[in-house]
Each structure stands twice: as structure tokens, then as C-alpha cells.
Trainee: 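Could you have a look at this structure, given as C-alpha cells, before my questions?
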Number of protein chains: 2
Amino acid sequence: MADVAERAGVSTSTVSRTLRGLTTVSPEVRARVEQAARELNFAVSRQAASLVTGKTGTVAVLVPTLNAWFMGSALSSLAPVLRTAGMELTVYVIPDLAERAAFFDRLPARRNADALLVFSFDLTEEETDRLDTLGMPVIYVSQHVDGRPSVYVDDVAGALHGTRHLFNLGHRRIAFIKTVGASGFSFSSNERLVGYQQALAEAGIPRDDDLVAALPVGDERATTEALGRLLSLREPPTAIFAEQDEVAIAVIRALRRTHIDIPTQMSVLGFDDQPVADWFDLSTIAQSPSDLGREAGRLALQLIDGSEADHKRHIVLPTHLIPRATTAPFDRGERAADGELPHA
Amino acid sequence: MADVAERAGVSTSTVSRTLRGLTTVSPEVRARVEQAARELNFAVSRQAASLVTGKTGTVAVLVPTLNAWFMGSALSSLAPVLRTAGMELTVYVIPDLAERAAFFDRLPARRNADALLVFSFDLTEEETDRLDTLGMPVIYVSQHVDGRPSVYVDDVAGALHGTRHLFNLGHRRIAFIKTVGASGFSFSSNERLVGYQQALAEAGIPRDDDLVAALPVGDERATTEALGRLLSLREPPTAIFAEQDEVAIAVIRALRRTHIDIPTQMSVLGFDDQPVADWFDLSTIAQSPSDLGREAGRLALQLIDGSEADHKRHIVLPTHLIPRATTAPFDRGERAADGELPHA
DNA sequence: ATGAAAGCGCTAACAG
DNA sequence: CTGTTAGCGCTTTCAT
């Protein structure tokens, strides 16, 4: 900066003022300084600036992985929001429990960011308490945490609507497949189960835990076994609501292998509306991680600016049922041949 | 840090030395300092440290999007490499030309990172020259740039092997679908086309530009049209090599709609081996973005450490043919009925 | 509207 | 092994 000052024939203070866009610089001087800065390829060091301002000019995000549709979409829409505000984005990827412990032990984000966005982690009370000591706004994304700013999708309502859709199609035996993950993502899964149960309750269908299966995502074998359990029940389900599109697709593939036709013999409903849902013509509950990322970014910027009013704000985003080809009316007539009464 | 020093009854220098893990601290003092630091929830400010060391402790990556299998996988494996080395990761997302221009104009990474990884961008000479002025190692990932460190997949060989596979199955009319993107990704696409052409050349098949189509990714309509063009040729292809799995899947869906059977009437080959390739039982050329990310991270760390030897290193990663259900031998017998001679 | 000077929190010699 | 001292590059009073 000293170089620029010299070249422009002014003091470093003036250079600083110019480069920060303060209005207290005469147009003539401003031009000279900008010229000099350009010629010298000068860029202000955030490090040095933040040392005195106390602001780092960066927002940190804590994510379990980047290798997932949800995270990719959310961050892709978060990034431009931050960039527009002149903020940088630093990413902490916490794939397993060891890394997680290390992060919460050291809290490396401390003093190195102006705000932290925590994505999709199912945090313990202890962990949220620890984040409270960070000395910066912490926004919880894709989960709600009481008393802290959160941005999330209304998973309960989504699952409720999905289950209603199946009910409205005539299904009475509706299975739900939830996922269990080593690290994190389980929050939404639980909420969705709640929505499913609410829908059954309002329809007056008694709860049957045999119809609820839990699976690790991406475990083909476990999917097949869970499906086997459902298909060997005394009264097997006529519809399966999978709590994630990826699981729904695994189910579809397994059913196809057994030549159980979808949707005439089994309806399948997913949750997410990833691009692949369309490719498989999968009926699903759509959520928008892009909107989530965008809103989370905006909220973060607000909190950094210190609008204390929003310190406990919860932003809840909607879901939408996308009916495609894997859900269909349940035709009770089919079973009449087996001795059951139609419409029983 | 002064607080910690006072509480531990030592100087700030000693605190600094302790926290950086230097061995020149007596165990007794070290314990006291660590205790004090823990009690005060103290974390060193990277900002202040970097001001004097000249190292920022962060690696920057420049990516066109985060919303893509390739980027997600690459960054997910890059992140732990950096974290192990105590480095942070900052991400610049450049989705369009305006952002791109802004980035190269201002080069915000300057002085705010120790190295820059440039992913998948098809850069102009001017842009690479500009990056040379950054004053930090710049590693090109998923593309090679002469004279600069690069990490990429051998796209030419991958496409060569894929095309050979189709040739070996008896296909002689092999179409290639490349993608055109507004921003970036086209580099690999071009290389893959080269591999395809090499394979044809070595097989003695004359080049036929009618068999090469170009598409924007994700444009269903364009896919259908391109397919229509191929299917209405005087001698239509018997196999289609799509330069990305996503395009291959779009082709498969379009063919299914027309009831053209895969693979008996048309073989389809993809490139990438995304998870969805397995779901569609798509034969494809596998590449590993995870390996790419990992290697790129390692190289970055080496260059930061100043092993000048590697300043022009190129790391080329292999691809593998994954034969699945969408490629099959071309049965010329089928055409005999149309008057063609078998094995003609 | 501009400049001089005083730090921000830390590390890197240099002494001891 | 530890403390003292002098900045790193910037922003921010406070003068002018």
C-alpha cells in the first residue's frame, strides 16, 4: 500500500480511503490512486485489514460433506449472495466423528470468520453451547435449534403431504423408510417420520412399526433386506414412502429385480426432487436447497450487520408434492381374486 | 494472547511458541500455557499471524459451480488433505462470465491464500498469464496448461478406450456427443472428442462429422433433436458415446420413449461413472474426481512448501472402462433382412 | 480533503 | 529455555 501511496503521491491513509470507497476523497486524487493500484496489481490484504477492523470479511460454513446434491445446491446459491456482499466463503468439511470432535474442540473458525453457517448437523446441546462461545453469529441450516437463528425446510409438512397423497390414492398400508447416518443428516429424517405419523393419525390409521424401516443411505444390501421384511409381512404395504430420493431409487431398482411392477403393484414416493427423480419419473416431495442456501446467506449478512432483531429468527421453507409415474391409485380389485372383499 | 500469557505467568512469545508446538518450551510451562489457553477459549488469529509470517494458512479454489458430481467429489477429498496440513479452504464460485471477468480483474485471492487451485476452467492465455502474477502457486485441475502444474484425467485415453470397446463389439457407425457449456467445462469435452477420433483413425474408419453432435448439458430438447439428427442419417449409428453420463442418460431416456431397445438396437456409452450410471446400468468410462482432488491438494501443499522441483509437474490420472448393460455386440444379422450382407 | 501517528495481535530475531 | 523488541500492512483517530 505504501508503494501505491508513493506512486500516487499521497499518504497511505488516502489510499486506504480510496480503496474502501469512502466519499471523502477528491475525484482527482481518487483517479490517481486507482490508477496506481491497478498498475501495481495491488489488492488490499484482508489479513491486515481485519487485524484492525475486527472483521474478517469471510463467512464460514460447516458441512458434513460436499459430495451430495443437497450441499452442492445450497452452497452454489449461498456463494453468490456472499460474493455480492464482498464476503469470502471458507468451508469446513467434517465427514466423521473424529473430525467433528476436533472441530468442536478447537473451533478453528474462532476469529477467522464473521459468521458460521452450520449445515445439516444433528448437534448435541453441548455442541450448540460451544458454538455460542464463538463470538460470532451462528446460523443453523436445515435444522431448527431453539433460540438460535435457523433456516430449514418444513420436513414435517412435506412428509405429511406425501403420506396424504398416498392415502388419497387409496393406500392404507404405507411403509416409511428413514435413513440413519453416522454423521449428521439424521435431523430431517426424524422430522419426516413425524410428518408421516401425523398423516396416519389424521387418517385414523393405527400405527404399525413394522411398516417403518431404517437404512443407511447407499447400502444396497440393507435396502434389499428392509424391502424383504416389508414384502414378507402378513399384510405387506402397497406404497413405500422413502425419506430420500436416493433411497426411493434403490427401492425401485430392487422391486424391478423382483418384477414387482411400479406403480400398479407398489407405489413409491421419494423426498427431495433431485434431478435423478425426474430421470426415474419418481413421484416425490420437492425441497429447494438453493432457496435454503440463499436465505441462509442473507440471514448471515443481516446478523453480521448486527440487526439484533433477527437473532432468533426461524425461516421455514415450503415443500411441494411432485406427482410423477411411481405413485398410482391402489386398485383393491386386484386382491379380490385372493378372496379379499373389494373395498374391505 | 496477552491474557493467556498473563494467566500463565509467561511472555507472549512463550505462548506463541507453545501454541505453535515448537519444542523449545519446557513441558511444565507448556502445560500451564495450554491450560490457560483452554480456560480462556483462546484461539490464535490467523489474520494476525499471517501478517507477520506472510503465510495465510488457506488454500483457495476456483470452481464454476459446486452443484455437480465432479466438483463435490473432488472438493470432498481435497478438504481432508488440507485440513490435515492445518490449512483452511476458501472457495470462489464463478458461475458466469460476469463473475469470471470480475474475478480476473480483481484477483481477490491475491494475498489471501497460499495457493490457488483452478478447477475445470477453459482459460484463455490472458487469464493464465494473469494468474501468474498472483504471487502464489496456481495448480490447474482437470485441465492441462503448458508449463504450469496440472492435475487431470487422461480424457484422450479414456475416450480412446471407450470407442475401442464399441468397435470391438462390432460397431462401425459410432456417434459421439460432446457438450458445450457457457462457462468452463469444455476442456475435457474437447479432449474426449480427440480420443474418439484417434480410435476411429486407428481402426481405419473414415471420419464422419455427421456422427458428432454438440449439446448443452441438461437441455432435454436439444438432446432429442440431436438424437433425431443421428437417427435420420442415411446410415444411422449403432452406438452412441456420450461424453458425460448425464448426457448418456438423457439419450437413454429419449431412446426408450421411441422404443428403440438398448442395447440390442443401440449401444450407449457414458463417461464419468457417477453413481447414477450404476442406477441406470450404464456402461461408462470411469474417472475419479476424488483422486483428482486428493492429488491436487497434495501438489498444492508441496508447492507451498517450495519444492521448486515440482513447479511444472503434470499429474495424469487414469480412466477405466466399466462395461454394464447398455453396450452390447452389434448383431449385423439383424440387417440382413434389409438386404445387407451379414458381416459385410 | 488529506496526512501523521498509534496501534490491531501476532511472530521473529536477538539477547540472555 | 524464555523474555524483549521490532515490525508485518492496514485502519483509524486526531490534526491540519
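Note: hydrogens, waters and symmetry copies are ignored here, and every other heavy atom, side chains too, is used. Order of the sequence lines sets the chain letters (A, B, ...), proteins ahead of strands, with each chain counted from 1.
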Trainee: Do NZ/NE/NH1/NH2 and the carboxylate oxygens of Glu34(B) and Arg30(B) come within less than 4.0 Å?
Mentor: yes

Trainee: Quick one: Met1(A) CE to dT12(D) C1', roughly how many Å, whole number?
Mentor: 12 Å

Trainee: Between C1' on dC8(D) and CD on Gln47(A), what's the gap in Å once rounded to a whole number?
Mentor: 11 Å

Trainee: Which part of the nucleic acid, if any, lies within reach of Thr24(A) when heavy atoms closer than 4.0 Å are counted: base, sugar-phosphate only, or nothing?
Mentor: base

Trainee: For residues Ser11(B) and Thr14(B), is any side-chain donor paired with an opposing acceptor at under 3.5 Å?
Mentor: yes

Trainee: Using a cut-off of less than 4.0 Å, is there contact between a side-chain N or O of Arg111(B) and OP1 or OP2 of dC10(D)?
Mentor: yes

Trainee: Give me the first and last nucleotide of DNA chain C, going 5' to 3', that has any atom under 4.0 Å from a heavy atom of chain A.
Mentor: dA1(C) to dC10(C)

Trainee: Would you kindly check whether a donor in the side chain of Ser13(A) faces an acceptor in the base of dT12(D), or vice versa, at under 3.5 angstrom?
Mentor: yes

Trainee: Please figure out whether Thr12(A) or Thr23(A) has its closest DNA chain C nucleotide nearer the 5' end.
Mentor: Thr23(A)

Trainee: Answer yes or no: is there an ion pair linking Glu295(B) with Arg298(B), defined by an N-O contact shorter than 4.0 Å?
Mentor: yes

Trainee: Salt bridge or not for Asp105(A) and Arg100(A), using N-O below 4.0 Å?
Mentor: no

Trainee: For Ser16(B) and Arg20(B), does a side-chain donor sit closer than 3.5 Å to a side-chain acceptor?
Mentor: yes

Trainee: Whether Asp129(B) and Arg148(B) form a salt bridge (side-chain N of Lys/Arg under 4.0 Å from carboxylate O of Asp/Glu) is what I want to check.
Mentor: yes

Trainee: Using a heavy-atom cut-off of 4.0 Å across all strands, would you classify Arg20(B) as base, sugar-phosphate, or nothing?
Mentor: sugar-phosphate

Trainee: Using a strict cut-off of less than 4.0 Å between a Lys/Arg side-chain nitrogen and an Asp/Glu carboxylate oxygen, indicate whether Arg83(A) and Glu88(A) qualify as a salt bridge.
Mentor: no

Trainee: Closest-nucleotide mapping onto DNA chain C: is Ala49(B) or Arg17(A) further toward the 5' terminus? I mean the 5' end.
Mentor: Arg17(A)

Trainee: Both Gly9(B) and Leu51(B) contact DNA chain D. Which one's nearest nucleotide lies toward the 5' end?
Mentor: Gly9(B)

Trainee: Please report the distance, rounded to the nearest Å, between CG in Leu22(A) and P in dT12(D).
Mentor: 8 Å

Trainee: Of the nucleotides dT2(D), dG9(D), dT12(D), which one has an atom closest to the side chain of Val25(B)?
Mentor: dT2(D)

